**Student:** 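My questions will all concern the structure given below.
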Amino acid sequence: QVQLVESGGGLVQAGGSLRLSCAASGSIFSINAMGWYRQAPGKQRELVAAITSGGSTNYADSVKGRFTISRDNAKNTVYLQMNSLKAGDTAVYYCYADLKRDWDQPFLDYWGQGTQVTVSS
């Protein structure tokens, strides 16, 4: 069994900062990409940022220059540092990990339960 547990969400004023964490645990052989999606009320889930095991990153245009994704491979943990937050960043943030549970298993996406980020204007 694999679990992704997120932490760090909350309420913050516009212009403030939050740091999200997501730790993957359980039966894990290898992790490829990890990242964050978000979903605001009435909107589709969208990619916020992703990072490969080698450290290559990808960001949504709306967060470039404000958010930074990083990971600790030894801890199977991904982080999202969010600065200069705007009301438009309000959403439930979900982490994911593209991982395989054993050497002969395929890579599959696993998801966290989501953490609420609310930015007040």
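Given the structure is predicted, the values throughout are model-derived calculations rather than measurements.
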**Student:** Are Ile28 and Met34 grouped together when hydrophobic residues (ILVMFWY) are joined by side-chain heavy atoms under 4.5 angstrom apart?
**Tutor:** yes

**Student:** At their closest point, which heavy atom of Arg71 faces which heavy atom of Ile51, and how far apart are they?
**Tutor:**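 Looks like NH1-O, 3.1 Å.
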
**Student:** Going through the checks in order, is the side-chain contact (heavy atoms from CB on, under 4.5 Å) test met by Val63 and Met82?
**Tutor:** CA-CA 9 Å; Val63 306; Met82 305 185 292; over 6 Å; no

**Student:** For the hydrophobic clusters of this structure (ILVMFWY residues joined by side-chain heavy atoms under 4.5 Å, transitively), does one cluster hold both Val78 and Leu108?
**Tutor:** yes

**Student:** Could you report the tightest heavy-atom contact between Val12 and Leu85, atom names first, then the distance?
**Tutor:**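 Heavy atoms only, the tightest pair is CG1-CD1, 3.5 Å.
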
**Student:** For residues Thr115 and Glu6, report the shortest heavy-atom separation together with the two atoms involved.
**Tutor:**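 Taking Thr115 first and Glu6 second, the nearest heavy atoms are N-OE1, 3.9 Å.
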
**Student:** Do Asp72 and Tyr79 touch side chain to side chain, with heavy atoms closer than 4.5 Å?
**Tutor:** yes

**Student:** Testing the basics here: between Leu4 and Cys95, what is the closest heavy-atom pair and its distance to 0.1 Å?
**Tutor:** CD2-SG, 3.6 Å

**Student:** Could you grab the distance from atom CD1 of Ile69 to atom CH2 of Trp36, nearest 0.5 Å is fine?
**Tutor:** 8.0 Å

**Student:** If hydrophobic clusters are built by linking Ile, Leu, Val, Met, Phe, Trp and Tyr wherever their side-chain heavy atoms come under 4.5 Å apart, do Ile31 and Leu20 end up in the same one?
**Tutor:** yes

**Student:** Would you call Asn58 and Leu47 a side-chain contact if the rule is heavy atoms closer than 4.5 Å?
**Tutor:**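 Yes. Closest side-chain heavy atoms under 4.5 Å.
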
**Student:** Which value, rounded to the nearest 0.5 Å, describes the distance between Asp98 atom CG and Ser53 atom OG?
**Tutor:**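 Between atom CG of Asp98 and atom OG of Ser53 there are 10.0 Å.
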
**Student:** Is there a side-chain contact (heavy atoms from CB on, under 4.5 Å) between Asp89 and Arg66 once you walk through the steps?
**Tutor:** CA-CA 11 Å; Asp89 296 317; Arg66 300 188 298 122; 2.8 Å; yes

**Student:** Look up atom CD in Gln3 and atom SG in Cys22, then write down how far apart they are to the nearest 0.5 Å.
**Tutor:** 11.0 Å

**Student:** Look at atom CD of Glu46 and say whether more than 12 heavy atoms of other residues, nucleotides or ligands are closer to it than 6.0 Å.
**Tutor:** yes

**Student:** What's the shortest heavy-atom distance between Val119 and Lys86, and which atoms?
**Tutor:** CB-O, 3.2 Å

**Student:** Please examine the side chains of Arg101 and Tyr110, heavy atoms only from C-beta on, and report whether any two atoms are closer than 4.5 Å.
**Tutor:** yes

**Student:** Does any non-hydrogen side-chain atom of Leu11 lie less than 4.5 Å from one of Gln116?
**Tutor:**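 No - every pair of side-chain heavy atoms lies 4.5 Å or more apart.
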
**Student:** Test side-chain contact (heavy atoms from CB on, under 4.5 Å) on Gln105 and Phe29 and set out the steps.
**Tutor:** CA-CA 9 Å; Gln105 299 298 307; Phe29 178 78; over 6 Å; no

**Student:** Measure the CG-OG distance between Asp102 and Ser27 for me, rounded to the nearest 0.5 Å.
**Tutor:**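 Taking CG in Asp102 and OG in Ser27, the distance rounds to 6.5 Å.
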
**Student:** Would you call the rings of Tyr93 and Phe67 parallel, tilted or perpendicular, where under 30° means parallel and over 60° means perpendicular?
**Tutor:**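 Tyr93 and Phe67: tilted rings.
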
**Student:** Kindly assign one of parallel, tilted or perpendicular to the pair Tyr37 and Tyr96, based on the angle between their ring planes and the thresholds 30° and 60°.
**Tutor:**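 Rings of Tyr37 and Tyr96: perpendicular, as their planes differ by over 60°.
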
**Student:** Do you know the tightest heavy-atom contact between Lys43 and Gln39?
**Tutor:** O-NE2, 3.1 Å

